[in-house]
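Shown next, in structure tokens, is the structure this report addresses.
The chains referred to below are lettered A, B, ... by the order of the sequence lines, with proteins before strands, and numbering in each begins at 1. What you see is a predicted model; the values in this text were computed from it and never measured.
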Amino acid sequence: MPQLARPLSPHIGIYRWQWTMTLSILHRATGIALAVGTILLVALLLSLAAGPAAYARVQACCASPFGQVLLLGWTWSLCYHLCNGIRHLAWDVGWGFEIARGRLTGWIAIGASLLLTLAIWACVFVRGGAA
Amino acid sequence: MSALELKTPLKRARGWGSARSGTRHFILQRVTAVALVPLALWLLWIALRLARADYVQARALVHDPLHALLLTAFVLAAFWHAQLGVQVVIEDYVHTRWLEITLQLAVKFLCALGALASVLAIVRIALG
């Protein structure tokens, strides 16, 4: 057990809110969303292996308004976690720790994830599709 | 070291921190992340193609040996990465010991099941 009198590092409630904190929390939140959302991919593969009737049911779920909102959320979560994950990998090799650069790459991650999501859904709507 | 105590300092350190295994989680999370960068981009592309496909076309797409291989790689890397990531979130925020252990086990089992179910489905499609 740690000594209770030991000084603790300041936590979220102590720090003034910063842009980069929002990004960090979003990285975790999208990570959890993706972990849960991967069940959708498992369902798709299982139904594809099971037969046309099961696959049609999954397709109908994906095409419903609720399914479309989930898919949109899943797409953005994947795009953001991917873009911001690359930012994290850059930090791991020691690049981009300066405050200005950290903020800038954060904006790039948000912008790139939104653009990527937009491009994907534009493809879905322009070229047509069940899901 | 006394005559009765033949343990080396390394023996005493093992299991209490690094002992050359402390970085394993960190490294595995990065390795799976690097693998998932190209795999996720590929998955987005294949998902777009699946969105436009009917049952026969979708099955043919996953039946393709290259796609079956990459899909298996994605699913394995993704569930591994997910387990490692959710593990850290639980470690950070769940401070009730029994609940933490229950959640950690549940996440491990669910990730393993998800990966196994996906691989079995892909194999059935690829060989069928």
Side-chain angles (χ1 to χ4, degrees), chain A residues 11-12 25 27-56 58-59 62-63 68 71 74-75 77-79 81-86 88-89 91-93 116-117 119-131, chain B residues 26-27 29-30 32-34 36-41 43-56 58-59 61-63 68 71-72 74-75 78-79 81-90 92-93 107 110-111 113-128:
Chain A
H11 198 50
I12 294 170
I25 290 163
H27 195 71
R28 282 207 158 177
T30 52
I32 293 168
L34 285 170
V36 177
T38 311
I39 293 168
L40 191 72
L41 181 66
V42 179
L44 189 88
L45 288 170
L46 284 175
S47 69
L48 194 58
Y55 192 66
V58 172
Q59 272 188 318
C62 290
Q68 294 276 289
L71 276 176
W74 184 83
T75 314
S77 293
L78 183 69
C79 292
H81 204 82
L82 176 66
C83 295
N84 201 51
I86 293 170
H88 272 270
L89 287 174
W91 287 333
D92 287 336
V93 294
L116 204 54
T117 309
I120 289 162
W121 282 80
C123 276
V124 171
F125 283 118
V126 170
R127 297 160 88 173
Chain B
F26 179 92
I27 289 169
Q29 197 170 28
R30 269 71 191 169
T32 49
V34 171
L36 280 167
V37 172
L39 286 173
L41 286 170
L43 183 85
L44 284 171
W45 177 71
I46 211 77
L48 264 180
R49 288 184 65 182
L50 278 175
R52 275 179 281 123
D54 60 22
Y55 178 75
V56 177
R59 224 182 139 101
L61 202 62
V62 179
H63 181 78
L71 203 51
T72 309
F74 174 83
V75 165
F79 273 112
H81 190 77
Q83 188 275 317
L84 292 168
V86 175
Q87 180 189 337
V88 176
V89 176
I90 294 171
D92 281 356
Y93 300 121
V107 167
L110 285 175
C111 284
L113 272 182
L116 287 172
S118 308
V119 171
L120 279 176
I122 296 165
V123 168
R124 279 176 70 191
I125 297 163
L127 301 180

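When side chains are defined from C-beta on, B:Ser118 does not count as touching A:Leu41, because their heavy atoms never get closer than 4.5 Å. Side-chain atoms of B:Leu44 and A:Cys79, non-hydrogen and from C-beta on, do get closer than 4.5 Å to each other. Side chains of B:Phe79 and A:Val42 form a contact here, defined as non-hydrogen atoms less than 4.5 Å apart. Two residues are said to be in side-chain contact when any heavy atoms from C-beta on lie closer than 4.5 Å; B:Val89 and A:Arg28 meet this criterion.
Chain A forms more heavy-atom pairs under 4.5 Å with one residue of B:Ala78, B:Ala82, B:Ala58, B:Cys111 than with any other, namely B:Ala58. Of the residues considered (B:Leu120, B:Asp92, B:Val75, B:Val123), B:Asp92 shows the highest number of contacts with chain A, using heavy-atom pairs under 4.5 Å. Chosen from A:Gly85, A:Pro52, A:Ala35, the residue pairing most often with chain B at heavy-atom distances under 4.5 Å is A:Pro52. For the set B:Leu48, B:Leu41, B:Ile122, B:Val86, the entry with the most heavy-atom pairs within less than 4.5 Å of chain A is B:Leu48.
Taking the ring axis of B:Phe26 as reference, the NZ or CZ atom of B:Arg30 stays within 45° of it and closer than 6.0 Å to the ring centre.
Only the side chain of A:Leu82 comes within contact range of chain B, judged by heavy atoms closer than 4.5 Å. With a threshold of 4.5 angstrom between heavy atoms, A:Ile86 approaches chain B through side-chain atoms but not through N, CA, C or O. Interface residue A:Leu46: backbone and side-chain heavy atoms are both found under 4.5 Å from chain B. When heavy atoms are compared at a cutoff of 4.5 Å, A:Ala56 does not approach chain B at all. When heavy atoms are compared at a cutoff of 4.5 Å, A:Ile39 does not approach chain B at all. Of the atoms belonging to B:Leu110, not a single heavy atom falls under 4.5 Å from chain A. Looking at B:Arg59, the atoms closer than 4.5 Å to chain A (heavy atoms on both sides) sit in the backbone and in the side chain alike. For chain A, the nearby part of B:Val62 is the side chain; its heavy atoms alone come within less than 4.5 Å.
Relative ring orientation between A:Phe125 and A:Trp121 is described as tilted, the plane-to-plane angle lying within the 30° to 60° band.
Applying the ring-ring contact (aromatic ring centres under 6.0 Å, His included) criterion to A:His81, with sequence neighbours excluded, gives A:His27.
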For this session: Decide side-chain contact (heavy atoms from CB on, under 4.5 Å) for A:Leu44 and B:Leu50; before the verdict, give the C-alpha distance in whole Å, the side-chain angles of both, and the deciding distance to 0.1 Å.
Result: CA-CA 10 Å; A:Leu44 189 88; B:Leu50 278 175; 3.8 Å; yes

